[in-house]
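Just below is one structure, and these are the notes that go with it.
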Amino acid sequence: MKQLSLWLPIRSIAFALVFICCAGMLGQNLDEIGCWWSVIAVVLNVLTIGLLVFLAKRNGQAFWQLINYRKSQTTWQQILGITLLVLVVGMAGMYLAGFLCYDNFLYAPPVMIAPIPKALAIINIVLLPITTTFAEDGLYLGFGVNQIKNKYAAIIVPAFFYALQHCFIPMLYDGRYIVYRFLSFLPLTLILCWYYYRKRNPLPIMVGHALIDLATAVQIVATSFIPGLYQTMCGL
């Protein structure tokens with residue numbers, strides 16, 4: 001079971017390779033295909049979930065056992081509290097990273113809300129939040145926190161790779177952007193891994209996580225359906 005934690009870098013590697021390969025096959029630059037990040041994320045999320053289910057089954061577990069989900073162990077107060085914590089720490093991380101990397105607290109990469117075909121944008125409202133939380137929390141909490149025995153490594157190592165994967169979603173040849181993405185998510189991933197290490201209850205984390213991705217998916221729908229909105233938001 002300890003070897004399962006060796007899968008933690010897989011998503012960082014997969015995202016980097018997929019973006020580079022897609023750009024090469026299409027004859028485009030990475031920044032030209034960045035708007036497709038949410039579609040690529042859904043596909044890789046589904047593949048990640050399949051991998052998690054396969055590896056867990058090979059080790060005599062169901063996916064729910066892997067993430068230590070137990071029915072009726074969660075209260076609505078826990079869900080509300082962690083959801084608020086995710087929102088506050090997530091926004092604070094982005095503000096701090098924006099100030100450190102771009103001297104702008106309100107900086108946000110425009111590519112994250114770039115428009116895509118309307119049908120895909122609508123599908124993403126459902127698929128992006130659900131698949132992301134099962135893939136990421138399954139990997140970094142289930143195969144990370146649960147499988148690493150050292151107390152500090154069980155928090156720091158999964159949190160590091162949890163944050164690192166965002167540097168490649170989407171992949172850009174821009175060092176400052178990569179540092180910004182890493183710093184944006186590291187405070188949140190450290191807190192989530194710490195909370196999960198103490199409570200071993202994934203549900204509050206997964207709900208808060210899904211709501212963040214839902215908010216992003218809604219913004220993509222808005223820019224995809226409303227002409228000129230993306231340019232307006234980029235100018236803010």
Side-chain angles (χ1 to χ4, degrees), residues 1 4-15 18 36-74 76 78-80 82-83 85-87 90 112 120-148 154-155 157-166 168-170 185 188-197 199-218 220:
M1 292 293 288
L4 295 181
S5 60
L6 298 177
W7 287 95
L8 294 181
I10 188 64
R11 282 176 63 84
S12 297
I13 296 170
F15 275 109
V18 168
W36 294 96
W37 74 265
S38 58
V39 178
I40 292 173
V42 168
V43 173
L44 288 183
N45 288 343
V46 172
L47 293 175
T48 301
I49 294 168
L51 176 65
L52 296 179
V53 170
F54 169 77
L55 292 175
K57 185 175 181 180
R58 193 176 68 176
N59 286 275
Q61 288 183 309
F63 179 83
W64 307 111
Q65 293 173 306
L66 174 72
I67 61 175
N68 202 46
Y69 171 75
R70 295 189 301 273
K71 189 176 180 179
S72 302
Q73 71 170 335
T74 305
W76 69 266
Q78 290 174 316
I79 292 177
L80 178 60
I82 295 303
T83 297
L85 180 66
V86 167
L87 293 174
M112 302 308 298
L120 291 177
I122 292 174
I123 292 172
N124 263 353
I125 288 183
V126 176
L127 293 185
L128 184 64
I130 293 175
T131 62
T132 298
T133 191
F134 277 99
E136 294 184 357
D137 297 331
L139 177 63
Y140 300 111
L141 303 182
F143 278 7
V145 176
N146 276 343
Q147 309 303 331
I148 299 175
I155 297 171
V157 174
F160 173 84
F161 286 108
Y162 203 161
L164 181 67
Q165 65 161 2
H166 293 90
F168 311 105
I169 313 174
F185 287 93
L188 179 59
T189 60
L190 282 169
I191 287 178
L192 293 183
C193 290
W194 169 79
Y195 175 86
Y196 183 75
Y197 181 86
K199 302 296 185 179
R200 305 290 171 163
N201 182 5
L203 188 57
I205 294 173
M206 296 176 78
V207 172
H209 189 173
L211 288 176
I212 284 185
D213 289 311
L214 176 61
T216 301
V218 169
I220 294 174

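All heavy atoms count here, side chains included; hydrogens, waters and symmetry mates do not. The chain is numbered in sequence order, starting from 1. Note that the coordinates shown come from a computational prediction; the quantities given were computed from them, not determined experimentally.
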Quick one: pull up CD1 in I212 and CZ in F185 and give me the separation to the nearest 0.5 Å.
7.5 Å
Between N68 and W64 (side chain of the first, backbone of the second, donor and acceptor by atom type, cut-off under 3.5 Å), is there such a pair?
no
Answer yes or no: is there a side-chain heavy-atom contact under 4.5 Å between F134 and L52?
no
Nearest 0.5 angstrom please: T83 OG1 to W76 CH2, how far?
11.5 Å
Can you tell me if Y195 uses its side chain to pair, donor with acceptor, with the backbone of I82 under 3.5 Å?
no
What distance separates Y197 OH from L141 CG, expressed to the nearest 0.5 Å?
14.0 Å
Residues at least two apart in sequence or cross-chain that pass side chain to side chain contact (heavy atoms under 4.5 Å, CB included) with T131, listed by chain then number, are V42, N45, V46, I49
Residue pairs passing the salt bridge (Lys or Arg N to Asp or Glu O under 4.0 Å) test where at least one lies in residues 128-143, sequence neighbours excluded:
R11-E136
Less than 4.5 Å apart, side chain to side chain, heavy atoms only: is that true for Y69 and K71?
yes
Polar side-chain atom of Q147 near backbone of G144 as donor-acceptor pair, under 3.5 Å:
no
N/O donor-acceptor pair under 3.5 Å between W194 side chain and I155 backbone:
no
Side chain to side chain contact (heavy atoms under 4.5 Å, CB included) partners of V218, counting only residues at least two apart:
L214
Between N201 and R70: side-chain donor-acceptor atoms closer than 3.5 Å:
no
Residues in side chain to side chain contact (heavy atoms under 4.5 Å, CB included) contact with F160, at least two apart in sequence or another chain
L164, F182
Given the side-chain rings of F168 and F15, with only the six-membered ring counted for Trp, is the space between their centroids under 6.0 Å?
no
Which donor-acceptor pairs under 3.5 Å do side chains of residues 120-128 form with protein atoms, sequence neighbours excluded?
| residue | atom | partner | partner atom | Å |
| --- | --- | --- | --- | --- |
| N124 | ND2 | S38 | OG | 2.7 |

Hey, what do you get for OG1 (T132) to CE (M206), rounding to the nearest 0.5 Å?
11.0 Å
Do you know which of L85, T133, L192 makes side-chain contact (heavy atoms from CB on, under 4.5 Å) with I205?
L192
Could you note down all residue pairs passing salt bridge (Lys or Arg N to Asp or Glu O under 4.0 Å) where residues 39-53 supplies at least one of them, sequence neighbours left out?
none
